[in-house]
Amino acid sequence: MASVCCRARQPFHPQKLYDFLQQTFMLQEQEVYEHLELQGDILKEPKTGATGQMIKPLEFQKRSQMRKITYGKIFRSKGFVWIGRRNDMMGEWSSAGNMLKLNCGAPWFAAMPQEAWPDIKVAEVMQDFVEPHGDRRQEIVFIGQNLNKSAITRALDDCLCLEKDLRESKHLRDPFREWPALELIEVEVTDSSEVSEDGDSSKVSEDRDECTR
């Protein structure tokens, strides 16, 4: 068993990241795949919230094999990401096998006034701040066997915004599903701290610390 941690202080280009995830995994956004229906030999998204994407079982095998050859045997990955044009909210990244979830997570601390922060040690939070973007960053850990660290790192680096992208960030194409606005989530984060979907308030901080272990 091995692990590879990827970090960066630049945002991901939304289109580049989306294309990479679609080619490498079966991307799930906002639980949209949890109600997939089996129709013959084809997995089809339900009509509600569907994008019309058709997924054949053979495609699952193809992507799994390609991923193993290129990056090694990835069992799972987890972490958080900063996507261009989405400077208020972090993305929560989690994969197991072919499936990768990328959903809206908690707000970046840098996106909130300090008085709106949850009950947390300010000094510890500030350790993650690097100007001019505060705590916005990429931290993803991959766990598996015979992992190709250089290939994984290079693939993610290729998804980062270039300087020209940062200058024109408002015009970046963003194919990901829309996330809630910061003002709709801020009170919840302040009241309940960083509580994950399963109710474990320590889970988010554990993911943040994983790369340092």
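Quick note: residue numbers are just sequence positions, from 1.
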J.: Would you compute the distance between atom CG of L27 and atom CG of L17 and round it to the nearest 0.5 angstrom?
T.: 8.5 Å

J.: Can you check whether W108 reaches H133 side chain to side chain, under 4.5 Å on heavy atoms?
T.: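 Sidechains of H133 and W108: no contact.
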
J.: Please find the pair of heavy atoms, one from T24 and one from Y71, that lie closest to each other, and give the distance.
T.: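 Result for this residue pair: CG2-CE1, 4.0 Å.
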
J.: Going by the rule side chain to side chain donor-acceptor pair (under 3.5 Å), which residues pair with Y18 if we only count those two or more places apart in sequence or in a different chain?
T.: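 Once residues adjacent in sequence are excluded, the partners of Y18 under the side chain to side chain donor-acceptor pair (under 3.5 Å) criterion are Q22.
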
J.: Is there a donor-acceptor pair under 3.5 Å between the side chain of S95 and the backbone N or O of S77?
T.: yes

J.: Mind checking the NZ-CD1 spacing from K73 to I143? Nearest 0.5 Å is all I need.
T.: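 The CD1 atom of I143 is 14.5 Å from NZ of K73, to the nearest 0.5 Å.
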
J.: Whether the side chain of D135 engages the backbone of A110 through a donor-acceptor N/O pair (distance < 3.5 Å, no angle test) should be reported.
T.: yes

J.: I want to check something: taking the side chain as every heavy atom from C-beta on, are K16 and L162 in contact at a cut-off of under 4.5 Å?
T.: yes

J.: Using 0.5 Å steps for rounding, measure from the CE atom of M26 to the CG atom of L100.
T.: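 Between atom CE of M26 and atom CG of L100 there are 11.5 Å.
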
J.: Please answer: with hydrophobic residues joined when any side-chain heavy atoms are less than 4.5 Å apart, are L21 and M66 in the same cluster?
T.: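 Result: no, two separate clusters.
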
J.: Which word best sums up how the rings of F142 and W93 line up, parallel for under 30°, tilted for 30 to 60°, or perpendicular for over 60°?
T.: perpendicular

J.: Once you round to the nearest 0.5 Å, how far does OG of S169 lie from NZ of K164?
T.: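 Atom-to-atom, S169:OG and K164:NZ are 14.0 Å apart.
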
J.: Linking I/L/V/M/F/W/Y whenever their side-chain heavy atoms sit closer than 4.5 Å, directly or via other members, would I69 and I74 fall into one cluster?
T.: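 Looking at the clustering, I74 is in a separate group from I69.
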
J.: Show me, pair by pair, the donor-acceptor contacts under 3.5 angstrom made by side chains of residues 81-91, not counting sequence neighbours?
T.:
| residue | atom | partner | partner atom | Å |
| --- | --- | --- | --- | --- |
| W82 | NE1 | N87 | OD1 | 2.8 |
| R85 | NH1 | L172 | O | 2.7 |
| R86 | NE | D174 | OD2 | 2.8 |
| R86 | NH1 | R177 | O | 2.9 |
| R86 | NH2 | D174 | OD1 | 3.2 |
| R86 | NH2 | D174 | OD2 | 3.1 |
| R86 | NH2 | F176 | O | 3.1 |
| R86 | NH2 | R177 | O | 3.0 |

J.: Look only at the side chain of E139 and the backbone of G79, and say whether a donor-acceptor pair between them is shorter than 3.5 Å.
T.: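 Absent.
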
J.: Is there a chain of hydrophobic side chains (I, L, V, M, F, W, Y, each step under 4.5 Å between heavy atoms) that links V125 to V130?
T.: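 In one cluster: no.
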
J.: Show your working on side-chain contact (heavy atoms from CB on, under 4.5 Å) between S64 and Q61 and close with a plain yes or no.
T.: CA-CA 5 Å; S64 178; Q61 299 174 16; 5.7 Å; no

J.: Are I120 and L182 grouped together when hydrophobic residues (ILVMFWY) are joined by side-chain heavy atoms under 4.5 angstrom apart?
T.: yes

J.: Are more than 12 heavy atoms from other residues, nucleotides or ligands located less than 6.0 Å from atom CZ of R173?
T.: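 No, CZ of R173 has 12 or fewer neighbouring heavy atoms, counting only those of other groups under 6.0 Å.
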
J.: So, taking the atom named CG in L58 and the one named CZ in R63, what distance separates them when rounded to the nearest 0.5 Å?
T.: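 With rounding to 0.5 Å, CG (L58) is 11.0 Å from CZ (R63).
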
J.: Quick one: pull up CD in Q138 and CG in L160 and give me the separation to the nearest 0.5 Å.
T.: 6.0 Å

J.: Going only through I, L, V, M, F, W and Y residues with side-chain contacts under 4.5 Å, is there a path from F109 to M126?
T.: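 Linked, F109 and M126 end up in one cluster.
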
J.: So, for A116 and M112, which heavy atoms are closest and what is the spacing to 0.1 Å?
T.: O-SD, 4.3 Å

J.: For T153, give me all partners under side chain to side chain contact (heavy atoms under 4.5 Å, CB included), at least two apart in sequence or on another chain.
T.: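 Partners of T153 under the side chain to side chain contact (heavy atoms under 4.5 Å, CB included) test: C6, K149, D157.
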
J.: Looking only at atom types and distance, does a side-chain atom of R137 sit under 3.5 Å from a main-chain N or O of P11, one as donor and one as acceptor?
T.: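 Not at all, since once roles are kept as given, no pair shorter than 3.5 Å links the two residues.
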
